[in-house]
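Shown next, in structure tokens, is the structure this report addresses.
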Amino acid sequence: MNFTMLHNSRQKKLKNRLNIYLVISLFILTIFGVMVSIFFAVTFGAKEININTVWEAIFHYNSKLTEQQIIHTLRFPRVIGAAVVGAAFAVAGSLMQGITRNPLADAGILGINAGAMFVVTISFAFFPSIPYSLLMVFSFIGAVLSTLLIFMIGSAAPGGLTPIRLTISGAVMAALLHSLSSGIAIYYDLSQDLAFWYAGGVAGVKWSHLKVLVPVILITIILTMLLGRSVSILSLGEEIAANLGIRTTRVRLIGIAAAVLLAGVSVSAVGSIGFVGLVIPHISRKLVGRNYQLIIPMSALLGAILLVLADLGARTINPPRELAIGIIVALIGVPFFLYIARKGRDL
């Protein structure tokens, strides 16, 4: 009996050790994937530029050379922007799914992006020369207000807030806000200016934007990683989390605030890009399990890869014209959304 227990204990320890090594290997491969995708995205585009020129533009920039200007001024900031925003949307989605226990939760589907986009539209209509830092603040405020309205509408029905009611409330709010945004854009003749934000894209990302965007997103993601254990327990259910000593209300408020911040500031830079926060968290759970201490960083890495490669595809499918990056992501996200909705449960 003692021998059997000792054998089982050793087997369990060996299995746990192998799982740790597997997770570490997955993270190393994913980080490598981020680096490779960024390298390819910076190197390839409508204009062919050799690798040596790319290297020189990054580490020994010469503003007098046209090819280096293309790399340093256009491609590199948009690729970094795509990686950072992709990570932000993915982490926002993973937080929303974990906190609400809704496998269909995503900043785009739940109407958070639409709220940010609505305020961006108003800002362009009444404050056309608004600085980017202030636009980011307004975008975040719009995301907060739309989130509050969505949760209020979903909670008003008998029986309280459920995953399906949250999804329906978000879809209704998103449709309403998109309609209002379109109406304002038409009335104030902003259709051309807002076409970029509606379709979603990183072509307009500049170094000045990244100086504001990168610190906000990276700090928020790091803070959400510290929240990972509590979100993991909360995702098991309200009663279980409360019995284990988790302050559910505080965790939920902090998590939702972080998700709204990530989505809001991202929309201010690249427009309303949906489905990143829907697809990536499910893939992350398949790879690393249901521990949000692992899901959140894995989602950030995979989200960065997805949006960088989507931007690369948007630039290279029909050069020199560019497709909207939102179209590329939607081609992946819509079938995935239908698949999850049909299953009726998490993957």
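Side chains included, hydrogens not; waters and symmetry mates left out as well; all remaining heavy atoms used.
- In this structure a side-chain-to-backbone donor-acceptor pair under 3.5 Å is present from Ser94 to Val91.
- Ser37 places a side-chain N or O within 3.5 Å of a backbone atom of Val34 that can act as its donor or acceptor partner.
- Of the possible polar contacts, none joining the Trp207 side chain to the Phe76 backbone as a donor-acceptor pair under 3.5 Å is found.
- Listed for the Arg315 side chain is a donor-acceptor partner under 3.5 Å among the backbone atoms of Ala41.
- Panel note: side chain Gln97, backbone Gly277; a donor-acceptor pair is recorded below 3.5 Å.
- Judged purely by atom type and a 3.5 angstrom limit, Asp106 has no side-chain atom pairing as donor or acceptor with the backbone of Gly93.
- Counting non-hydrogen atoms of other residues, nucleotides and ligands closer than 6.0 Å to CH2 of Trp55 gives a total of 12 or fewer.
- Paired with Arg229 under the rule side chain to side chain contact (heavy atoms under 4.5 Å, CB included), one option of Val231, Ile233, Leu227 passes, and it is Ile233.
- Of the possible polar contacts, one joining the Ser232 side chain to the Tyr292 backbone as a donor-acceptor pair under 3.5 Å is found.
- The closest donor-acceptor contact from the side chain of His282 to the backbone of Pro103 lies under 3.5 Å.
- Remark: the backbone N or O of Ala175 is not paired with any side-chain donor or acceptor of His178 at under 3.5 angstrom.
- Relative ring orientation between Tyr61 and His72 is described as parallel, the plane-to-plane angle staying below 30° on a 0-90° scale split at 30° and 60°.
- The number of heavy atoms from other shown groups lying within 6.0 Å of CZ (Phe32) does not exceed 12.
- Here the straight-line distance linking atom CD1 of Ile217 with atom CG of Leu261 works out to 8.5 Å at 0.5 Å rounding.
- Of the possible polar contacts, one joining the Ser181 side chain to the Leu177 backbone as a donor-acceptor pair under 3.5 Å is found.
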